[in-house]
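Counting starts at 1 for both ligands and their atoms, following the listed order. Just so it is clear, the values below take in all heavy atoms, side chains as well, and ignore hydrogens, waters and symmetry mates.
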Amino acid sequence: MNSTALLNNYNRFPVEFVKGDGVYLYDIEGKEYLDFLCGIAVTGLGHNHPAIKAAVTEQINKIWHTSNLFESSLQIKLAEKLSAKSGLDYSFFCNSGTEAVEAAIKFARKFGKGKFHIITALNGFHGRTYGSLSATGQLKLQEGFAPLLPGFTHVPYNDIKEIEKAYNENTIAVMIEPIQGEGGINVPHENYLKEIRDFCNSKNILMILDEVQCGLGRTGKFFAYQHAGIIPDIVTIAKGLANGLPIGAVICSKEISDQIKPGNHGSTFGGNPIAVSAAIKVVNLIDEKLLKEIGSLGSTLVNSLHSLHLNKIKDIRGKGLMIGIEFIEGYQAKNIAGKLIEEGVVVGTSGDTVLRILPPFIISEKEIVKFLSIFRKVVESLPEINNKN
Ligand SMILES: *Cc1c(COP(=O)(O)O)cnc(C)c1O
């Protein structure tokens with residue numbers, strides 16, 4: 001669809017969804033699509049969820065916005081729930097992932113009392129505004145936007161020695177995604193987060209985890225770091241928090257919040273009543289039973305993908321319902337995603353050769369079977385490419 005008015009900064013698939021119900025999306029002609037992307041890990045509980053819709057509708061009928069000049073018992077309620085889930089102490093609310101990362105960087109600098117160096121990972125993704133873009137270890141996203149915010153070192157992911165090497169007297173934090181979402185669905189080895197936690201403790205620096213994509217149940221735990229049995233000093237969340245309404249949050253320890261005084265940071269819209277009322281419902285719905293289901297659905301999906309034995313696939317990886325399917329060199333993930341969408345299955349990509357599968361938590365085996373049959377058909381129809389892989 002060409003437009004004379006809309007800025008051309010997105011590479012959009014040629015389809016518009018006008019209705020959603022549970023795990024299905026519908027285009028203008030009424031064609032049904034199985035949603036295995038969830039608007040990039042956002043609508044994990046499905047579209048048009050009755051309980052979330054009821055909470056939002058109730059709030060819309062009361063009040064939409066008051067600003068943070070006034071008390072908010074809704075924000076307090078959500079913050080208390082996030083403390084209980086995370087093992088951390090205090091929450092700050094904003095409107096997006098990048099804003100959560102910006103706040104985390106500011107809080108770390110305030111805590112650092114002059115120290116400001118932060119170690120992040122190559123191929124990481126933390127957002128598009130200047131702080132988070134500077135933290136993002138992908139040159140192609142930074143190109144054309146120099147000068148960036150100083151103070152970041154990007155190290156190869158999944159190797160504690162690289163973090164140790166990058167450390168200096170000015171270092172205040174290590175900021176990492178527990179699973180790299182935009183960088184190819186990269187899952188580090190089992191001890192990586194524990195090693196970072198131990199290193200940060202030994203140097204008395206902060207461990208910041210960006211769970212904007214992998215948090216909120218996506219991997220089968222409420223927070224992905226809970227697989228590793230550690231607690232970071234700061235965690236950022238956003239995407240899945242309000243099942244489609246814009247919200248982000250930074251959750252941090254008391255040590256950090258003690259350094260933040262009224263006036264140090266803020267947001268006009270942050271923690272607005274409508275998004276927060278949806279988020280409270282979402283946090284309640286992601287209970288232990290659902291988390292278990294996410295884990296077992298994820299295993300079923302990955303095992304079934306392996307059992308298709310498709311020779312065009314190089315690797316299948318992920319945790320819970322955050323799955324990457326890497327194709328051998330020569331195949332374009334974007335093309336394959338386009339074909340799957342034409343066949344009625346919505347998926348995304350992560351890098352050039354990785355398909356990104358982020359199904360809703362409410363799928364059943366029936367939807368997995370449907371996905372597999374369409375996926376197999378599409379992959380088998382791709383031309384053979386002969387290369388050394
Ligand atoms: C999507 C994402 C962000 C940025 O979130 P926005 O809401 O798009 O600003 C930051 N970090 C991670 C890990 C993400 O996946």
* Asked: Can the ring centres of F269 and H65 be said to be less than 6.0 Å apart?
  ->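 They qualify: ring centres under 6.0 Å apart.
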* To do: Using the test salt bridge (Lys or Arg N to Asp or Glu O under 4.0 Å), find all partners of E384 that sit at least two apart in sequence or belong to another chain.
  =>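 Salt bridge (Lys or Arg N to Asp or Glu O under 4.0 Å) list for E384, sorted by chain: K312.
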* Asked: Which residues pass the salt bridge (Lys or Arg N to Asp or Glu O under 4.0 Å) test with K254, sequence neighbours left out?
  ->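 Salt bridge (Lys or Arg N to Asp or Glu O under 4.0 Å) list for K254, sorted by chain: D258.
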* Parallel, tilted or perpendicular: which fits the ring planes of H154 and F152, with parallel below 30° and perpendicular above 60°? ->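 H154 vs F152 ring planes: parallel.
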* Do the rings of F371 and F36 sit parallel, tilted or perpendicular, given the 30° and 60° boundaries? ->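 The arrangement is parallel - the two ring planes meet at less than 30°.
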* Rest of the hydrophobic cluster containing Y130 (Ile/Leu/Val/Met/Phe/Trp/Tyr, side-chain heavy atoms under 4.5 Å)? ->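 Besides Y130, the cluster holds F125, L133, L141, F145, L148.
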Show the distances, to 0.1 Å, for all pairs joining an N/O atom of ligand 1 and a protein N/O atom that are shorter than 3.5 Å, listing one pair per line.
unit_1	atom_1	unit_2	atom_2	d
ligand 1	7 (O)	G97	N	2.8
ligand 1	9 (O)	T98	N	2.8
ligand 1	11 (N)	F125	O	3.3
ligand 1	11 (N)	D210	OD1	3.4
ligand 1	11 (N)	D210	OD2	2.7
ligand 1	15 (O)	Q213	NE2	2.8
ligand 1	15 (O)	K239	NZ	2.6

